[in-house]
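The first residue of the sequence shown is numbered 1, and numbering continues consecutively from there.
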Amino acid sequence: MRLFDTMIERNLKEAHEEKTRIIHLGRKDRLADSLRKKILKAEEETSEYKKHYLCIGIDYGGEDEIIRAINKTSRPLVSIQRKHCSSR
């Protein structure tokens, strides 16, 4: 995870210079605290920029996102878990 820490530190200054918004795609709850804080700081500091977008996918999986979205609905008809998904 140090690689991501370093990448965010090095690129945040350039993101400000270029008016680039940084967006994290994925789960933050499973990241190390130091990395999560840096991501949140970068997202907050660049949230107003609209010229460019830098999307970073750390701990991102489409299948996981679909499962969490289904289970997040206000009145789900079913509860979906990873074990219900077929493996290709």
Side-chain angles (χ1 to χ4, degrees):
M1 292 294 161
R2 285 183 187 238
L3 177 64
F4 294 117
D5 278 342
T6 303
M7 187 275 305
I8 291 170
E9 287 176 11
R10 288 182 181 169
N11 291 293
L12 185 56
K13 181 180 176 184
E14 186 176 348
H16 285 297
E17 292 170 359
E18 298 294 327
K19 304 293 186 214
T20 301
R21 182 176 180 176
I22 296 175
I23 301 169
H24 172 257
L25 308 171
R27 296 184 62 165
K28 291 181 181 80
D29 62 315
R30 298 190 301 200
L31 300 177
D33 285 339
S34 63
L35 179 56
R36 181 176 31 255
K37 288 175 184 176
K38 286 181 183 178
I39 290 171
L40 290 171
K41 178 180 183 250
E43 286 181 319
E44 183 179 320
E45 288 184 15
T46 63
S47 65
E48 299 296 319
Y49 298 149
K50 306 288 186 230
K51 185 175 179 183
H52 305 287
Y53 294 86
L54 173 63
C55 298
I56 304 168
I58 304 172
D59 196 3
Y60 173 81
E63 183 179 289
D64 182 60
E65 185 173 347
I66 292 168
I67 291 169
R68 288 187 302 126
I70 290 170
N71 289 331
K72 191 176 180 179
T73 59
S74 60
R75 290 180 12 161
L77 300 174
V78 295
S79 177
I80 304 294
Q81 298 175 6
R82 185 170 296 280
K83 67 183 179 183
H84 296 128
C85 299
S86 65
S87 178
R88 294 183 272 294

**Report entry** Residues Arg30, Asp59: salt bridge by 4.0 Å N-O rule
**Finding:** yes

Requested in this report: Go through the steps to decide whether Lys51 and Thr20 satisfy the test side-chain contact (heavy atoms from CB on, under 4.5 Å), and finish with yes or no.
Outcome: CA-CA 6 Å; Lys51 185 175 179 183; Thr20 301; over 6 Å; no

Query raised in the report: So does Glu43 pair up with Lys28, basic N to acidic O under 4.0 Å?
Result: yes

Query raised in the report: Is there side-chain contact between Lys50 and Arg21, with at least one heavy-atom pair below 4.5 Å?
Result: yes

Query raised in the report: Is any side-chain heavy atom of Ile56 closer than 4.5 Å to a side-chain heavy atom of Ile22?
Result: yes

**Report entry** Single-linkage hydrophobic cluster Leu25~Tyr53, side-chain heavy atoms < 4.5 angstrom
**Finding:** yes

Query raised in the report: Do Tyr60 and His24 make the cut of ring centroids closer than 6.0 angstrom?
Result: no

Report task. Evaluate side-chain contact (heavy atoms from CB on, under 4.5 Å) for Lys41 paired with Ile8, printing each intermediate quantity in order. Result -> CA-CA 10 Å; Lys41 178 180 183 250; Ile8 291 170; over 6 Å; no

Requested in this report: With the side chain counted from C-beta on, respond yes when Lys38 and Phe4 share a heavy-atom pair under 4.5 Å apart, and no when they do not.
Outcome: no

Report task. Would you check if Ile23 and Thr46 make a side-chain contact, meaning some heavy-atom pair closer than 4.5 Å? Result -> no

Query raised in the report: Mind checking whether Leu31 and Leu54 sit in one hydrophobic cluster, side chains of I, L, V, M, F, W, Y counted as touching below 4.5 Å?
Result: yes

Query raised in the report: When Leu40 is tested against each of Arg36, Glu44, Lys37 for side chain to side chain contact (heavy atoms under 4.5 Å, CB included), which residue passes?
Result: Arg36

Query raised in the report: Roughly how far apart are Thr6 OG1 and Leu35 CG, rounded to 0.5 Å?
Result: 10.0 Å

